[in-house]
Asker: 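Once you've had a glance at the structure underneath, I'll fire off some questions.
The sequence lines fix the lettering, A, B, ..., with proteins before strands; numbering per chain opens at 1. This one's a predicted model, so the numbers in the text were calculated from it and none came from an experiment.
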Amino acid sequence: MARFAPSPTGYLHIGGARTALFNWLFARGRKGRFLLRIEDTDRARSTPEATQAILDGLRWLGLDWDGEPVSQYARRERHAEVARQMLARGTAYKCFSTPEEIEAFRERARAEGRSTLFLSPWRDADPATHPDAPHVIRLKAPRSGETVIEDEVQGRVTFRNDQLDDMVCLRSDGTPTYMLAVVVDDHDMGVTHVIRGDDHLTNAARQAQVYHAMGWDIPVWAHIPLIFGEDGRKLSKRHGAVGLHEYAAMGYPPSAIRNYLCRLGWSHGDDEFFTDAQAMAWFDLKDIHRSPARLDFRKLESLSGRHIAAMEDARLLAEIGTYLAATGAAPLSQAQQSALSRALYCLKDRAKTFPDLLEKARFVLESRPVEPDEAARRALDPVSRGILGELTPQLQNASWTKEGLDAALQAFATARGTGFGRIAGPLRAALAGRMVTPGVTDMMLVLGREETIARIGDALG
RNA sequence: GGCCCGUUCGUCUAUCGGUUAGGACACCAGGUUUUCAACCUGGGAAGAGGGGUUCGACUCCCCUACGGGCUGCCA
C-alpha cells in the first residue's frame with residue numbers, strides 16, 4: 001500500500017509527478033493499492049484550485065489512484081484525538097510557552113552560538129501548575145540515545161536524539177501539524193510503504209518517534225532525491241518548465257514523460273525505452289539512486305519521438321486532441337481528424353513532439369489554396385514553376401501508388417537530366433507550403449491525384 | 001552554526017574489490033538521402049581533491065571541497 005501526499009499550494013511539480021510515479025509503479029507492480037491524500041492542513045496556503053490542478057495533472061500523466069482522495073484537514077478531529085491519547089500515555093505534554101518566548105529563546109541561542117533547538121520548560125511540569133492559557137501539545141521525545149531510520153534508498157541513517165526537539169503536534173488552535181497528521185493518516189490508511197522526497201528524511205526521524213509514542217508499526221521508508229534543473233541547481237520557477245501542465249503544453253506524450261521521469265534516479269541495467277508494464281515489473285526501491293538527477297530536455301525529446309512513433313493511431317489522435325486543448329488551440333475538425341489519421345503513417349516516426357508532428361502535417365490539415373511560407377516561396381521560383389508545369393501531365397497518367405509515383409517522378413527527373421531533389425523541393429512547396437514535410441510521394445498519396453494536381457495548379461498561379 | 005544526505009563522460013546511468021570503466025541522449029566527422037525525422041560507420045568524452053585499508057580500489061574507511069536537506073504553532 002503506497003500513497004502520494006501532495007500539499008495543494010500550487011500546480012503539480014515535475015518532481016512531485018516523479019514521486020507519484022514511483023509510488024504508482026511500486027504499488028501497481030505488486031498488485032498493491034495506490035492512495036491519494038491531500039495535505040491541506042495549512043489553511044492559509046491550501047486552495048481547491050490547487051487540489052484540482054494536482055488531480056488533473058495525475059490524470060493527464062495516467063496515474064490512477066484507488067478510492068477517493070483523502071483530505072487531511074477533514075481528519076483533524078482524529079489527529080487531535082491521537083494527540084490526547086499521547087498525552088494520556090505520557091508521551092506528549094502541554095506546553096504553555098508563547099511564540100514570543102520561543103523566539104526570544106532562539107534569538108539568544110543564536111547570539112550565543114548555542115543550539116536553537118527549543119527546550120520547553122513545561123516538559124516535566126506538574127499538571128497542577130498548568131495555567132488556564134492557550135497551549136500546544138508537544139511530543140515528549142527521548143532526550144538521549146538515538147533514533148535510527150532504516151531507509152530503502154538511504155540505508156541506515158542515525159540521528160542523535162539530542163539533535164531532535166520536542167516538536168509541536170497540536171497547535172494552540174487545536175489543529176494538527178503536518179508531523180502528527182502524516183503519521184496518523186499513514187497509519188490509519190494502512191500505508192505500508194512511504195516513498196517521498198528526501199527533504200523528509202530528517203522528518204522521518206521525528207515521525208518515527210510519534211510511531212513509537214503510539215506503539216504503532218513503522219512503515220517502510222524510501223526517501224528519494226529531488227530533481228534538479230539543467231544547471232544542477234534545485235528546480236525553481238526560473239528554470240522554465242517546473243509544472244507538469246507545462247510539459248503537456250509542450251506536446252510531450254504522457255507515456256514519454258512517464259518513461260523519462262522513471263529513468264531519473266532509477267535504472268534497470270541499460271534499459272532506456274520501455275513500457276509501463278515493463279517499468280512495473282522492473283521497478284524496485286533498491287534500484288533508486290541516492291544522488292539527485294538533472295533534467296535533460298534533449299533526452300526527453302528523444303524518448304518522446306520514440307513514444308510517438310510507437311503509439312497506436314487512435315491513441316495518438318486522442319492525445320493530439322488533449323495537447324491542443326492544453327494549449328488553448330482550436331480542436332481539429334472531423335475532416336481534419338480523418339485526413340490526419342490517413343497521414344499518420346508517414347508522420348509519426350518523424351516527429352519528436354505533437355507540435356512538431358502538427359507542423360509537418362500542415363499539408364493535410366490546410367485546405368486550398370495553401371499559403372506558402374517564406375522558404376516555400378523561394379522554392380517556387382520561375383524555373384521551378386516551369387518544372388512543375390511540365391510534371392503535371394505526367395501525373396495525370398501516373399499510377400497513384402507509392403511505387404507508381406516514385407517511378408514516375410524518377411523517370412521525369414531522369415528525362416530532364418536533374419536530380420530528384422530539384423523536383424522534390426518545388427513539389428514540397430506547392431503541396432505543403434512548407435519545406436519541412438513528409439516525403440513527397442507520401443504526401444501525394446495522402447492527398448490524392450485530384451488535390452495534388454490542383455495544388456500544383458495553385459502554385460503555378 | 002548544528003545534524004543528515006549526496007559527488008562516474010556535457011546529461012541520465014552500468015559497475016556491486018580485479019573491466020581496454022559499458023550503454024543511452026547530446027556533440028563531432030563521414031555515409032545514405034528528397035527537406036525533416038530515421039538509419040549506418042567512426043570519434044572525442046568520466047571515477048571532485050587528499051589520505052588510508054588491501055596483493056589490488058570508482059567500489060570500503062577518514063578528511064577537505066562543493067551541492068542539497070532539516071533545524072517553524074509550513075508541508
Asker: Please identify each residue that fulfils side chain to side chain contact (heavy atoms under 4.5 Å, CB included) with A:Gln154, with sequence neighbours left out.
Answerer: A:Asp151, A:Val157, A:Asp198, A:Leu201, A:His223, A:Arg290
Asker: Is A:Arg76 close enough and on-axis enough to A:Tyr73, meaning under 6.0 Å and within 45°, for cation-pi?
Answerer: yes
Asker: If we ignore hydrogens and angles and just use 3.5 Å, is the side chain of A:Arg37 paired with the main-chain N or O of A:Met189 as donor and acceptor?
Answerer: no
Asker: Find the distance A:Arg378:CZ to B:U35:C1' and express it as a whole number of Å.
Answerer: 13 Å
Asker: Using purine N1 to pyrimidine N3 plus N6-O4 or O6-N4 for Watson-Crick, or N1-O2 and O6-N3 for G-U wobble, each under 3.5 Å, what pairs with B:U7?
Answerer: B:A65
Asker: If we call it a pair only when both distances are under 3.5 Å in a Watson-Crick or G-U wobble match, what pairs with B:U54?
Answerer: none
Asker: B:A38 phosphate, OP1 or OP2: any side-chain N/O from A:Lys352 under 4.0 angstrom?
Answerer: yes
Asker: For A:Asp162 and B:C4, what is the distance between atoms CG and C1' respectively, to the nearest whole Å?
Answerer: 14 Å
Asker: Considering only the C1' atoms, how many Å lie between B:C9 and B:C25, rounded to the nearest integer?
Answerer: 12 Å
Asker: May I have the distance from A:Met443 (atom CE) to B:A37 (atom P), rounded to whole angstrom?
Answerer: 16 Å
Asker: Could you tell me the separation between the CG atom of A:Leu164 and the CG atom of A:Asn203, rounded to the nearest 0.5 Å?
Answerer: 9.5 Å
Asker: Can you tell me the base-pairing partner of B:C70? Count Watson-Crick or G-U wobble geometry only, both distances below 3.5 Å, and say none if there is no partner.
Answerer: B:G2
Asker: Mind calculating the distance between CG (A:Asn259) and P (B:A24) to the nearest angstrom?
Answerer: 15 Å
Asker: What one-letter contact string describes nucleotides 69-75 of chain B from 5' to 3', where B marks a base within less than 4.0 Å of any protein heavy atom, S marks contact via sugar-phosphate atoms alone, and - marks no contact?
Answerer: BSSSBBB
Asker: Please give the nucleotide sitting opposite B:A29 as a Watson-Crick or G-U wobble pair, both distances under 3.5 Å, or none.
Answerer: B:U41
Asker: I'd like to know if the side chain of A:Asn259 reaches the main chain of A:Glu272, judged simply by a donor and an acceptor atom lying under 3.5 Å from each other, with no hydrogens or angles considered.
Answerer: yes
Asker: Taking ring pair (Phe, Tyr, Trp, His ring centres under 6.0 Å) as the cut-off, I'd like each qualifying pair that reaches into residues 416-439 of chain A, sequence neighbours left out, listed once.
Answerer: none
Asker: Under the rule for side chain to side chain contact (heavy atoms under 4.5 Å, CB included), what residues qualify as partners of A:Ser97, not counting sequence neighbours?
Answerer: A:Cys95, A:Glu101, A:Ile102, A:Phe118, A:Ser120, A:Pro121, A:Trp122
Asker: Given atom CD of A:Glu112 and atom C1' of B:G2, what is their separation to the nearest angstrom?
Answerer: 16 Å
Asker: Would you say the rings of A:Phe96 and A:His130 are close, in the sense that their centroids are separated by under 6.0 Å?
Answerer: yes
Asker: Which residues pass the salt bridge (charged side-chain N to carboxylate O under 4.0 Å, His left out) test with A:Arg114, sequence neighbours left out?
Answerer: A:Glu112
Asker: Polar atom pairs between nucleotides 9-15 of chain B and protein, under 3.5 Å, N or O only, would you list them?
Answerer:
residue: B:C12; atom: OP1; partner: A:Arg294; partner atom: N; Å: 3.0
residue: B:C12; atom: O2'; partner: A:Arg263; partner atom: O; Å: 3.0
residue: B:C12; atom: O2; partner: A:Lys299; partner atom: NZ; Å: 3.2
residue: B:U13; atom: OP1; partner: A:Gly265; partner atom: N; Å: 2.4
residue: B:U13; atom: OP1; partner: A:His289; partner atom: ND1; Å: 3.4
residue: B:U13; atom: O3'; partner: A:Ser267; partner atom: OG; Å: 2.9
residue: B:U13; atom: O3'; partner: A:His289; partner atom: NE2; Å: 3.3
residue: B:A14; atom: OP1; partner: A:Ser267; partner atom: OG; Å: 2.9
residue: B:A14; atom: OP1; partner: A:His289; partner atom: NE2; Å: 3.0

Asker: Report the distance from atom CG of A:Leu347 to atom CD of A:Glu359, rounding to the nearest 0.5 Å.
Answerer: 11.0 Å
Asker: Would you give the length of the straight line joining atom CZ of A:Arg315 to atom NE2 of A:His307, rounded to the nearest 0.5 angstrom?
Answerer: 10.5 Å
Asker: If you look at every strand shown and take non-hydrogen atoms under 4.0 Å, does A:Ser46 touch a base, only sugar-phosphate, or nothing?
Answerer: nothing
Asker: Taking only residues two or more places apart in sequence, or in another chain, which ones meet A:Ala339 in a side chain to side chain contact (heavy atoms under 4.5 Å, CB included)?
Answerer: A:Arg342, A:Val364
Asker: Need the pair for B:U34. Rule: Watson-Crick or G-U wobble, both distances under 3.5 Å, any strand; none if unpaired.
Answerer: none
Asker: Atom pairs, N/O to N/O, protein against nucleotides 27-34 of chain B, distance under 3.5 Å?
Answerer:
residue: B:U34; atom: O2; partner: A:Arg428; partner atom: NH2; Å: 2.5

Asker: What is the distance from CZ of A:Arg434 to P of B:A37, rounded to the nearest Å?
Answerer: 17 Å
Asker: What distance, rounded to whole Å, do you find between the two P atoms, one in B:C3 and one in B:G72?
Answerer: 16 Å
Asker: Give none if B:U19 has no partner; otherwise give the nucleotide forming a Watson-Crick or G-U wobble pair with it, both distances under 3.5 Å.
Answerer: none
Asker: Can you list every pair that meets ring pair (Phe, Tyr, Trp, His ring centres under 6.0 Å) and has a residue in residues 147-182 of chain A, with sequence neighbours left out?
Answerer: A:Tyr178-A:His200
Asker: Which residues pass the side chain to side chain contact (heavy atoms under 4.5 Å, CB included) test with A:Ala379, not counting sequence neighbours?
Answerer: A:Ala429, A:Met435
Asker: Any luck finding a side-chain donor-acceptor pair between A:His289 and A:Ser267 under 3.5 Å?
Answerer: yes
Asker: Is it the case that atom CZ in A:Arg43 sees more than 12 heavy atoms from other parts of the structure closer than 6.0 Å?
Answerer: yes
Asker: In Å and rounded to the nearest 0.5 Å, what is the CD1 to CG distance from A:Ile456 to A:Leu391?
Answerer: 5.5 Å
Asker: Mind listing the residues from residues 342-351 of chain A sitting with a heavy atom below 4.0 Å of RNA chain B? Number order is fine.
Answerer: A:Asp349, A:Arg350
Asker: Can you tell me, in whole Å, how much space there is between the C1' of B:U59 and that of B:U54?
Answerer: 13 Å
Asker: Whether the A:Ser341 and A:Asp313 side chains hold a donor-acceptor pair (N or O, under 3.5 Å, no angle test) is what I'd like checked.
Answerer: no
Asker: Give me the distance, rounded to whole Å, that separates B:A37 from B:C4 when you measure between the C1' atoms they each carry.
Answerer: 48 Å
Asker: Between B:A14 and B:A46, how far is it from one C1' atom to the other, in whole Å?
Answerer: 13 Å
Asker: Within this structure, what is the CZ-to-C1' distance between A:Phe274 and B:A24, rounded to whole angstrom?
Answerer: 12 Å
Asker: Got a list of protein N/O to nucleotides 61-63 of chain B N/O distances below 3.5 Å?
Answerer:
none

Asker: Taking atom C1' in both B:C27 and B:U35, what distance in whole Å separates the two?
Answerer: 23 Å
Asker: On a whole-Å scale, what distance lies between the C1' atoms belonging to B:G49 and B:U33?
Answerer: 50 Å
Asker: Write down the distance separating the C1' atoms in B:C28 and B:U13, rounded off to the nearest Å.
Answerer: 22 Å
Asker: Measure the distance from CZ on A:Arg156 to P on B:C5 and round it to the nearest whole Å.
Answerer: 13 Å
